[in-house]
Amino acid sequence: MTPYARRGVHGQTVETLARRVLSGEIPEGATLDLVALQGELDVSLTALRESLKVLAAKGIVDARQKRGTFVRARADWNLLDADVLRWQFAVGTDSGTDPTLLRNLGEVRGIIEPAAVRLAAARRTDADLDALEAALTAMGEQEGGAAHAVEADLAFHRALLAATHNELLERMEMVIESGLARRDEIVHSSPHGENPVPSHRAVLDAVREQDADAAERAMRALLDQAVRDLDRVHGTAPAADGEAGPR
């Protein structure tokens, strides 16, 4: 169950409206018929308006006199908002994840994580190393299935950002995790991925040694491996021996 859906009728209404807009079922510029939506979704007008306030706060809808409530242009949406990212991937789960979205997030990771790992190498504490080691150990465990593997990978990258001791970079986990989780789900369901542990171990070893250059090289190699895994899943690259796993 998704985070908003846990919040009862209000949350479920937010999720439903968000997915309809992000899927294009309700297109950009469309004016919403609140009375019709109220009846279709079987919610009170108050609950519907409260749900629309959530989407308005994320730049997705707006309301004007004489025009009513309408869907704003995609250029106005807060695409880096964690919920908006999650909704986009949720829509993709139903209809096939947009490869452009995955590629865009991969490019964002390619900008952020190599620079972040340099800071992590310079600033890491023993507690940071312990968190990274624990995540890597969990990543290598066979029990727990895909969900366990995905969470271990997220924990590793989360710990790397925390090791920068830069609170703004730490907040980037919301962006990175959304794409990383969906990418992991896709790759982990395929038999054509490389073992993720060695590439992550190389990053951790370089951070432990406080070798910023080696840490950046290892992170770039890890991200390159992530691209190869997706290419294999999509049939655009030859498969290599090994089990699918997160990056």
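The residues of the chain are indexed from 1 along the displayed sequence. Worth knowing before you read on, the calculation uses all heavy atoms, side chains too, and leaves out hydrogens, waters and symmetry mates.
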Of all residues at least two apart in sequence or in a different chain, which pass the salt bridge (Lys or Arg N to Asp or Glu O under 4.0 Å) check with [X]?
| X | result |
| --- | --- |
| Arg72 | Asp76 |
| Arg171 | none |
| Glu167 | none |

Testing the basics here: between [X] and [Y], what is the closest heavy-atom pair and its distance to 0.1 Å?
| X | Y | answer |
| --- | --- | --- |
| Pro196 | His200 | O-ND1, 2.7 Å |
| Asp213 | Arg118 | OD1-NH1, 2.9 Å |
| Leu132 | Phe156 | CD2-O, 3.5 Å |
| Ala73 | Glu28 | CA-OE1, 3.4 Å |
| Arg123 | Asn166 | NH1-CB, 4.2 Å |
| Ala36 | Asp33 | N-OD1, 3.1 Å |

Got a second to check how far [X]'s [atom1] is from [Y]'s [atom2], nearest 0.5 Å?
| X | Y | atom1 | atom2 | result |
| --- | --- | --- | --- | --- |
| Leu48 | Thr69 | CG | OG1 | 8.0 Å |
| Asp81 | Gln88 | CG | CD | 10.0 Å |
| Asn195 | Gln225 | CG | CD | 8.0 Å |
| Leu168 | Leu161 | CG | CG | 12.0 Å |
| Leu154 | Met139 | CG | CE | 9.0 Å |
| Leu204 | Leu136 | CG | CG | 6.0 Å |

Sidechain-backbone polar pair: [X] side chain, [Y] backbone, donor-acceptor under 3.5 Å:
| X | Y | answer |
| --- | --- | --- |
| Glu209 | Ala215 | no |
| Arg124 | Arg208 | yes |
| Ser51 | His10 | yes |

Looking only at side-chain N and O atoms, does Glu173 offer a donor or acceptor that is under 3.5 Å from a partner on His157? no
Heavy-atom check, side chain of [X] versus side chain of [Y], under 4.5 Å:
| X | Y | answer |
| --- | --- | --- |
| Asp130 | Thr125 | no |
| Leu79 | Arg74 | yes |
| Leu160 | Asp128 | no |
| Phe89 | Leu105 | yes |
| Val14 | Trp87 | yes |
| Ile60 | Val84 | yes |
| Leu52 | Leu32 | yes |
| Leu223 | Pro114 | yes |

### Task
List the steps, then state whether side-chain contact (heavy atoms from CB on, under 4.5 Å) holds for Glu151 with Arg158.
CA-CA 10 Å; Glu151 180 51 42; Arg158 192 183 302 126; 3.5 Å; yes
Are [X] and [Y] linked, directly or through other ILVMFWY residues, by side chains that come within less than 4.5 angstrom of each other?
| X | Y | value |
| --- | --- | --- |
| Leu80 | Ile112 | yes |
| Leu34 | Leu41 | yes |
| Val207 | Val197 | yes |

field: Arg201/Glu133 ion pair, N-O < 4.0 Å
entry: yes
One pair to check against side-chain contact (heavy atoms from CB on, under 4.5 Å): Val21 and Glu25. What are the steps and the verdict? CA-CA 6 Å; Val21 172; Glu25 181 180 342; over 6 Å; no
Step by step, would you call Val61 with Phe70 a side-chain contact (heavy atoms from CB on, under 4.5 Å)? CA-CA 6 Å; Val61 301; Phe70 62 94; over 6 Å; no
Practice task
Show your reasoning for whether side-chain contact (heavy atoms from CB on, under 4.5 Å) applies to Leu222 and Arg109.
Solution key: CA-CA 11 Å; Leu222 185 156; Arg109 289 184 66 195; 4.2 Å; yes
